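Structure first, commentary second.
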Protein chains: 2
Amino acid sequence: MGRTTFILRQRAYLKLYMLQKAEKGNLYGLQILGDLMDYFDDLAYKPTKSEVYKSLHELLKEGLIKRKWIEKEGTEMQEVAVYQISDMEKVKAYKALVKIDLDRSIALLNRALKDHF
Amino acid sequence: MGRTTFILRQRAYLKLYMLQKAEKGNLYGLQILGDLMDYFDDLAYKPTKSEVYKSLHELLKEGLIKRKWIEKEGTEMQEVAVYQISDMEKVKAYKALVKIDLDRSIALLNRALKDHF
DNA sequence: ATATGAACATTATGTTCATAC
DNA sequence: GTATGAACATAATGTTCATAT
């Protein structure tokens, strides 16, 4: 209950990008946030720290990615968490599901565009 | 605060359809719901009674539409509320704003489609 | 039973605080 | 100050209840 049938959640949207970052395997949380902030700047979408961390944590918990603590470049004793894909099969399955919702969401928005504008 | 910069809200989406129904001027709440349920059935979007009424109430409060109580067809003493546009200038201004958000939202979703699939 | 609407509950998401370096 | 994360607050939306016909 309480679950919308409308458009895919921001969380799911962000998780796609988290997986993409994890494939590179060398970025930590706040770097990812900064990257996405820049990347979406033209569309005025400003993801928050909270959503980025929650997206990463969910993917960890679901076993799609794993975390590694490494020393931050240029410093000593400053550990940051970087992420890597841990189960490519799960990733593929997850993405296939999200794609369905994404296609559906785009169709919903395009329908409104056609109906009203 | 607390406001997302992500995709346009369901409420805004539905309000577009409420305005369209109000232009016809002869449907009441649950009829609109039924119509939309059918209309979005292929995309598995199932708006709720609550969202439909809240969308109508917001538009009323904002002065874009007005309400008329009429006797339900075929019955006596059963009053239903139908809606009509009350201020076309406001409607145009509202739709222009929503279009910006709608275009932006479509762009966000298409970007994810391009980036991940 | 159908129609309207409010009250309530739960999610989804944003903001602030705590801890460590 | 930067990084991680939890705790907290609010907003968006779904579910249930009340009232009337």
Side-chain angles (χ1 to χ4, degrees), chain A residues 1-15 17-18 21 26-37 40 44-61 65 67-83 101 105 108, chain B residues 1-15 17-18 21 26-37 40 44-61 65 67-83 101 105 108:
Chain A
M1 75 296 247
R3 177 141 194 71
T4 189
T5 62
F6 191 51
I7 282 178
L8 95 165
R9 308 279 93 209
Q10 182 183 183
R11 184 76 46 86
Y13 185 90
L14 277 180
K15 279 160 88 175
Y17 283 92
M18 296 307 129
K21 299 299 186 185
N26 58 340
L27 291 182
Y28 60 89
L30 290 195
Q31 275 181 327
I32 294 175
L33 177 61
D35 272 17
L36 294 180
M37 286 275 211
F40 289 116
Y45 169 41
K46 309 204 181 309
T48 63
K49 177 168 92 87
S50 171
E51 277 302 306
V52 166
Y53 279 125
K54 283 179 192 161
S55 300
L56 288 168
H57 295 344
E58 276 190 19
L59 290 170
L60 276 173
K61 203 166 131 192
I65 63 176
R67 177 168 48 188
K68 228 175 35 175
W69 291 91
I70 65 168
E71 276 179 27
K72 188 181 172 183
E73 220 168 306
T75 73
E76 292 172 40
M77 297 274 70
Q78 169 74 327
E79 296 230 303
V80 295
V82 296
Y83 302 87
D101 226 30
S105 301
L108 274 169
Chain B
M1 76 293 249
R3 177 141 195 71
T4 188
T5 61
F6 190 51
I7 281 175
L8 95 166
R9 308 279 93 208
Q10 182 183 186
R11 184 77 47 85
Y13 185 90
L14 277 180
K15 280 161 88 175
Y17 284 92
M18 296 307 130
K21 298 299 187 187
N26 59 339
L27 293 181
Y28 60 90
L30 290 194
Q31 275 181 327
I32 294 175
L33 176 62
D35 272 17
L36 294 181
M37 286 274 213
F40 289 116
Y45 169 42
K46 309 207 180 310
T48 63
K49 176 168 93 85
S50 171
E51 277 301 306
V52 167
Y53 279 127
K54 282 180 193 162
S55 301
L56 288 168
H57 294 345
E58 275 190 19
L59 290 169
L60 275 173
K61 204 167 130 191
I65 62 176
R67 175 167 52 188
K68 228 176 34 176
W69 290 92
I70 64 168
E71 273 180 30
K72 189 181 173 184
E73 219 168 307
T75 72
E76 292 173 43
M77 297 276 71
Q78 170 74 326
E79 296 231 303
V80 294
V82 296
Y83 302 86
D101 226 30
S105 301
L108 274 169

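Note that the coordinates shown come from a computational prediction; the quantities given were computed from them, not determined experimentally. Every heavy atom of this structure was used, including side-chain atoms; hydrogens, water molecules and symmetry mates were not. Numbers restart at 1 for each chain; the letters A, B, ... are given by sequence-line order, proteins then strands.
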Is it the case that the base of [N] and the side chain of [X] share a donor-acceptor contact (distance under 3.5 Å, atom types as modelled)?
{"X": "K49(A)", "N": "dG5(D)", "result": "yes"}
{"X": "K46(A)", "N": "dG14(C)", "result": "no"}
{"X": "K54(B)", "N": "dG14(D)", "result": "yes"}

Nearest to side-chain heavy atoms of [X], which nucleotide of [options]:
{"X": "H57(A)", "options": "dT13(D), dA6(D), dT4(C)", "value": "dA6(D)"}
{"X": "Q10(A)", "options": "dT4(C), dT15(D), dG14(C)", "value": "dG14(C)"}
{"X": "A81(B)", "options": "dG14(C), dT4(D), dT4(C)", "value": "dT4(C)"}

### Message
Contact between L14(B) and L36(B) at the side-chain level, heavy atoms closer than 4.5 Å - yes or no?
### Response
yes
Within the structure, does a side-chain N or O atom of [X] lie under 4.0 Å from either OP1 or OP2 of [N]?
{"X": "R67(B)", "N": "dG5(C)", "answer": "yes"}
{"X": "Q31(A)", "N": "dT2(D)", "answer": "no"}
{"X": "S50(A)", "N": "dG14(C)", "answer": "no"}
{"X": "Y53(B)", "N": "dG5(C)", "answer": "no"}
{"X": "T4(A)", "N": "dT11(C)", "answer": "no"}

### Exercise: do Y45(A) and Q10(A) side chains pair donor with acceptor under 3.5 Å
yes
### Under-4.0 Å salt bridge between D35(A) and K21(A)
yes
### Message
How close do T4(A) and I7(A) get, counting heavy atoms only, and between which atoms?
### Response
CG2-O, 4.3 Å
